[in-house]
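One structure below.
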Amino acid sequence: DLAQRMFSWVSDALRSVLVEEWSFSSELIETLLSEAKSKDLKVLRGREKSPTVKMAEELARQGLLSPQTLLRVLRSGDVSLFIAILQLMTELPENFVRLLVHDKKGLGLAVLCKSCVMSREVFGAIFALTRADGDRGAPLKHSYRKVLEYYETISNKKAADLIDHWRSHPNPTRLGDLQLEEDERE
């Protein structure tokens with residue numbers, strides 16, 4: 001976490017200097033920083049992995065990562081494996097995926113799931129299962145309707161754009177920094 005935050009700070013400063021003082025294009029800078037971050041993350045990920053992460057990676061090697069796999073794993077009660085698979089599918093840091101999965105409103109979870117191209121029904125089941133120990137009854141029904149409406153109206157492009165944004169800044173200080181607006185779904 002600290003290493004990623006430091007990379008973000010340094011990359012922001014480097015981006016400013018290269019664009020302002022050396023006239024590099026913003027697109028080139030973003031590409032180079034993304035490549036550097038990807039390589040650094042691969043080195044960091046090469047360290048000791050949990051059995052859950054190893055299992056998720058094995059499922060990926062076998063070509064078994066899918067919305068249906070996510071749903072089956074969650075139905076079995078293995079939230080850690082669910083998060084590890086979702087992390088592999090979205091290429092976001094695990095702690096960040098965990099934050100989005102457990103967010104009360106579920107908007108971040110909706111974006112994650114939309115980026116994985118899953119049906120409304122599968123997303124609805126995932127949302128309900130991730131709240132199984134939380135709100136019950138009327139509050140769950142109300143939040144379920146609201147998040148399904150958000151899921152249905154957010155475009156695939158908007159979800160992909162948000163995921164790309166989150167990859168470049170994976171450590172927002174609060175959920176409000178995620179650019180999740182219920183009225184901004186185009």
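- Residue A125 comes nearest to L71 through the heavy atom pair CB-CD1, 3.6 Å, listed as atom of the first residue, atom of the second, then distance.
- Residues V53 and V73 do not share a hydrophobic cluster, clusters being chains of Ile/Leu/Val/Met/Phe/Trp/Tyr side chains in contact below 4.5 Å.
- By the 4.5 Å heavy-atom criterion applied to side chains, W166 and V111 are counted as neighbours.
- When each of L86, V101, L109 is tested with I126 by the rule side chain to side chain contact (heavy atoms under 4.5 Å, CB included), just one qualifies, namely L109.
- D78 meets the salt bridge (Lys or Arg N to Asp or Glu O under 4.0 Å) test with no other residue; sequence neighbours excluded.
- Taking each heavy atom of A110 and V147 in turn, the nearest pair found is CB-CG2, 4.2 Å.
- Residue K54 comes nearest to K49 through the heavy atom pair CE-O, 3.4 Å, listed as atom of the first residue, atom of the second, then distance.
- Every residue meeting the side chain to side chain contact (heavy atoms under 4.5 Å, CB included) condition with S25, not counting sequence neighbours, appears here in chain and number order: E27, L28.
- Every salt bridge (Lys or Arg N to Asp or Glu O under 4.0 Å) that E152 has, sequence neighbours left out, goes to R120.
- For the pair L112 and I163, the minimum side-chain heavy-atom distance is below 4.5 Å.
- Judged by the 6.0 Å and 45° rule, K114 forms no cation-pi pair with F123.
- Listed here is the closest heavy atom pair of P67 and V122: O-CG1, 3.9 Å.
- M55 is linked by a side chain to side chain contact (heavy atoms under 4.5 Å, CB included) to L81, counting only residues two or more places apart in sequence or in another chain.
- Looking only at distances, a side-chain donor or acceptor of T69 sits under 3.5 Å from a matching main-chain atom of L64.
- Remark: R98 engages E94 in a salt bridge, criterion side-chain N to carboxylate O under 4.0 Å.
- Considering all non-hydrogen atoms of both residues, G106 and F127 come closest at CA-CE1, 3.9 Å.
- With sequence neighbours left out, the ring-ring contact (aromatic ring centres under 6.0 Å, His included) criterion links F82 to no other residue.
- With sequence neighbours excluded, the residues satisfying salt bridge (Lys or Arg N to Asp or Glu O under 4.0 Å) with E58 are R61.
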Working note: R167 + D164, criterion salt bridge (charged side-chain N to carboxylate O under 4.0 Å, His left out); need CA distance, chi angles, decisive distance, verdict. CA-CA 5 Å; R167 282 187 194 123; D164 286 342; 2.8 Å; yes
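- Of all heavy-atom pairs between D103 and G108, the closest is OD2-N, 4.5 Å.
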